[in-house]
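Order of the sequence lines sets the chain letters (A, B, ...), proteins ahead of strands, with each chain counted from 1.
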2 protein chains.
Amino acid sequence: MANQLSLSIDRSSPVPLYHQVVQGIEAAIHSGVLEPGSRLDNEIDLAAQLNLSRPTMRKAMDELVRSGLLVRKRGVGTQVVSSQVRRPLELSSLFDDLSNNGKKPTTDVLSFSHVEADAATLTALQLPAGSKVYHFTRLRKVGGKPLALMENWVRDDITSMDEAQLSSEGLYSILRRGGVNFRLASQRIGAMIANDYQAPLLEAEVGSALVTMERTAVDDTGRMVETGHHVYRADSYSFEMTLVQR
Amino acid sequence: MANQLSLSIDRSSPVPLYHQVVQGIEAAIHSGVLEPGSRLDNEIDLAAQLNLSRPTMRKAMDELVRSGLLVRKRGVGTQVVSSQVRRPLELSSLFDDLSNNGKKPTTDVLSFSHVEADAATLTALQLPAGSKVYHFTRLRKVGGKPLALMENWVRDDITSMDEAQLSSEGLYSILRRGGVNFRLASQRIGAMIANDYQAPLLEAEVGSALVTMERTAVDDTGRMVETGHHVYRADSYSFEMTLVQR
DNA sequence: AACATTCTAATGTCAGGACAAAGTATTGAC
DNA sequence: GTCAATACTTTGTCCTGACATTAGAATGTT
């Protein structure tokens, strides 16, 4: 079962060794060098082949198992699962997702204000009473076709923003440039019926199906940075994810 | 910053040390002993306090960071994020989820057959032409109220099943007892409008919003075990999850 | 007082070793 | 030939040790 996956490790590179291994195996799987179902060499041999220690090799494989590309079984070995399973949902904005897929998203800023937060927003962002937030509504289109209607509230003590920025790039890239390091987000996905306000904007019929998402994002200092309520046309958007059993 | 979280580690227990630490810290966070925003002692001290090595302590904290309960920052320390963020979506059945929350779900088996798989199912489960599968439709109720309408296809070369089993327990517990070790599932969540068939069964209006989920589950040998198409009443169900930045 | 430099504390990465536990395959007894 | 006991392979857990990197505080210089 010697599956020679000729990876090359660059010890002078600033990217961690285990991460180089992760990238190498990912590439091998996606390119078809490692076929679904094939067995890898055992951890010790693999580590020896790459002149790495076993813990480093294990850390790399841990990540691949977590992301669902590999499957391990004690006493048996490690197998490649199906390469066709999709990547797990990531912490990124819709704008980035679309851009990365070669699409050209555009944004219409329907409203923009810098106002005192209402009670619900204060709770969601855990802000003291009287705090001000940016509040805006955007319509995202791809190829001229409306895809998503997005309402967001962003705390104003991190970076300033204006309408022009929002219409030319994604919210998350603005915030990242403002020094925000996102760490996690909790979100809820559901469904609703397009109402009189949403339907014309999304160029859909009143009563057609929409996917809803509510999200609150937290940065590395534990601050709640942003909360939003988005709706997507159900005929052009859905959430894909991979769940991994621990 | 000595945050005495008096955990006790049982070295004779079969549960791994790092997992005992995970459970202990989780409990401390949920019970409020560790408040959101508070800083933990550094890894080395914590390990010393519990008479553990640093790698073991780190592995425990890694898991907590991954699940979104802790946030680490190099040169600074480790903080508790927010106790109110929910646990990530897990690989379990709706039946288990409801049971664990103290609900009493019931299941009506609307149809059940053991037939040759159609083309779409053969593809989804990656089976050879002519394979037979179990195909059934179930209606799940909680407190007498319909919640979900579920259509599933299960390969028949793992365990046999019948209508009676399905009406008394969840699909996943049947499969687990049949020796299936689930490893991962890929799923897609979207929305649709209730049609003439779905609406009366779910006791909803035709045209009301439904959350849709398509899922294919893979076991530890890489076999596609089950695929299904579920719809949920949007007014009583949504998917909650936590995304963690890697 | 403002700025650059140095120091310190904490997490991040990596090594090498040891033993435990779980499956699988082999061997042996009947 | 069948079944149970044994050996082997592979992953799982845990340890000790070392150095790198980063963020922030303290310090010194201009």
Side-chain angles (χ1 to χ4, degrees), chain A residues 1-3 9-23 25 38-66 70-81 179-181 183 219-222 245-246, chain B residues 1-3 9-23 25 38-66 70-81 179-181 183 219-222 245-246:
Chain A
M1 281 305 139
N3 223 319
I9 301 297
D10 178 7
R11 295 192 89 93
S12 68
S13 159
V15 8
L17 302 182
Y18 69 85
H19 200 249
Q20 292 185 38
V21 176
V22 168
Q23 292 175 323
I25 297 184
S38 64
R39 274 226 311 282
L40 268 69
D41 283 343
N42 67 60
E43 297 173 350
I44 312 211
D45 288 354
L46 273 178
Q49 288 169 31
L50 298 174
N51 274 95
L52 297 171
S53 71
R54 189 183 163 211
T56 302
M57 194 65 216
R58 248 187 98 71
K59 174 149 189 175
M61 297 176 80
D62 271 343
E63 293 215 14
L64 292 162
V65 167
R66 236 182 352 191
L70 297 182
V71 159
R72 282 192 291 208
K73 220 168 164 184
R74 188 189 294 198
V76 181
T78 306
Q79 272 187 317
V80 179
V81 247
V180 176
N181 297 306
R183 266 308 127 86
D219 78 353
D220 57 0
T221 65
Q245 178 83 4
R246 296 198 4 86
Chain B
M1 286 305 141
N3 221 321
I9 302 296
D10 177 7
R11 295 192 89 94
S12 66
S13 159
V15 13
L17 301 182
Y18 69 85
H19 200 249
Q20 292 185 38
V21 176
V22 168
Q23 292 175 323
I25 297 183
S38 63
R39 275 226 311 282
L40 269 67
D41 283 344
N42 68 60
E43 298 173 351
I44 308 201
D45 288 354
L46 272 177
Q49 287 169 31
L50 298 174
N51 273 99
L52 297 172
S53 72
R54 189 182 161 214
T56 302
M57 194 65 215
R58 248 186 98 71
K59 174 150 190 173
M61 297 176 80
D62 271 343
E63 292 215 14
L64 292 162
V65 167
R66 232 181 307 144
L70 298 182
V71 158
R72 282 191 291 207
K73 217 168 166 185
R74 189 191 292 201
V76 182
T78 305
Q79 270 188 319
V80 179
V81 218
V180 175
N181 297 307
R183 266 309 126 87
D219 78 353
D220 57 1
T221 65
Q245 180 82 3
R246 294 178 16 80

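Put simply, CD1 on B:Ile9 is 15 Å from C1' on D:dC15, counting in whole angstrom units. Distance B:Gln79 CD to C:dA10 P: 14 Å, rounded to the nearest Å. Rounded to whole angstrom, the span from the CG atom of B:Asn51 across to the C1' atom of D:dT16 amounts to 14 Å.
Separating the CZ atom in A:Arg66 from the CZ atom in B:Arg66 is a distance of 4.0 Å, to the nearest 0.5 Å.
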Provide a list of protein-nucleic acid N or O atom pairs under 3.5 angstrom, restricted to nucleotides 10-14 of chain D.
residue: D:dT10; atom: OP2; partner: A:Asn42; partner atom: ND2; Å: 3.2
residue: D:dT10; atom: O2; partner: A:Gly75; partner atom: N; Å: 3.0
residue: D:dT11; atom: OP1; partner: A:Thr78; partner atom: OG1; Å: 3.1
residue: D:dT11; atom: OP2; partner: A:Glu43; partner atom: N; Å: 2.9
residue: D:dG12; atom: OP2; partner: A:Arg58; partner atom: NH1; Å: 2.8
residue: D:dG12; atom: OP2; partner: A:Arg58; partner atom: NH2; Å: 2.9
residue: D:dG12; atom: OP2; partner: A:Arg72; partner atom: NE; Å: 3.1
residue: D:dG12; atom: O4'; partner: A:Arg74; partner atom: NE; Å: 3.4
residue: D:dG12; atom: O4'; partner: A:Arg74; partner atom: NH2; Å: 3.3
residue: D:dG12; atom: N7; partner: A:Arg54; partner atom: NH2; Å: 2.8
residue: D:dG12; atom: O6; partner: A:Arg54; partner atom: NH1; Å: 3.1
residue: D:dT13; atom: OP1; partner: B:Tyr18; partner atom: OH; Å: 2.8
residue: D:dT13; atom: OP2; partner: B:Tyr18; partner atom: OH; Å: 3.1
residue: D:dT13; atom: O4; partner: A:Arg54; partner atom: NH1; Å: 3.4
residue: D:dC14; atom: OP1; partner: B:Leu17; partner atom: N; Å: 2.5
residue: D:dC14; atom: OP2; partner: B:Leu17; partner atom: N; Å: 3.3
residue: D:dC14; atom: OP2; partner: B:Tyr18; partner atom: N; Å: 3.4

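Residues satisfying the side chain to side chain donor-acceptor pair (under 3.5 Å) criterion with A:Arg74, sequence neighbours excluded, are absent altogether.
Listed here is the closest heavy atom pair of B:Leu46 and B:Asp41: CD1-O, 3.4 Å. Counting all heavy atoms, side chain and backbone alike, A:Met57 lies closest to A:Val21 at CE-CG1, 3.7 Å. Closest approach of B:Leu17 to B:Arg11, counting heavy atoms only: CD1-NH2, 3.5 Å. Residues A:Arg39 and A:Val76 share a closest heavy-atom pair of NE-O, 4.1 Å.
Consecutive Watson-Crick or G-U pairing (both distances under 3.5 Å) extending over three or more pairs maps onto DNA chain D as C:1-30 with D:1-30.
With a 4.5 Å cut-off on side-chain heavy atoms, A:Arg72 and A:Asp62 count as touching.
At least one donor-acceptor pair closer than 3.5 Å links the side chain of A:Gln20 to the backbone N or O of A:Asp10.
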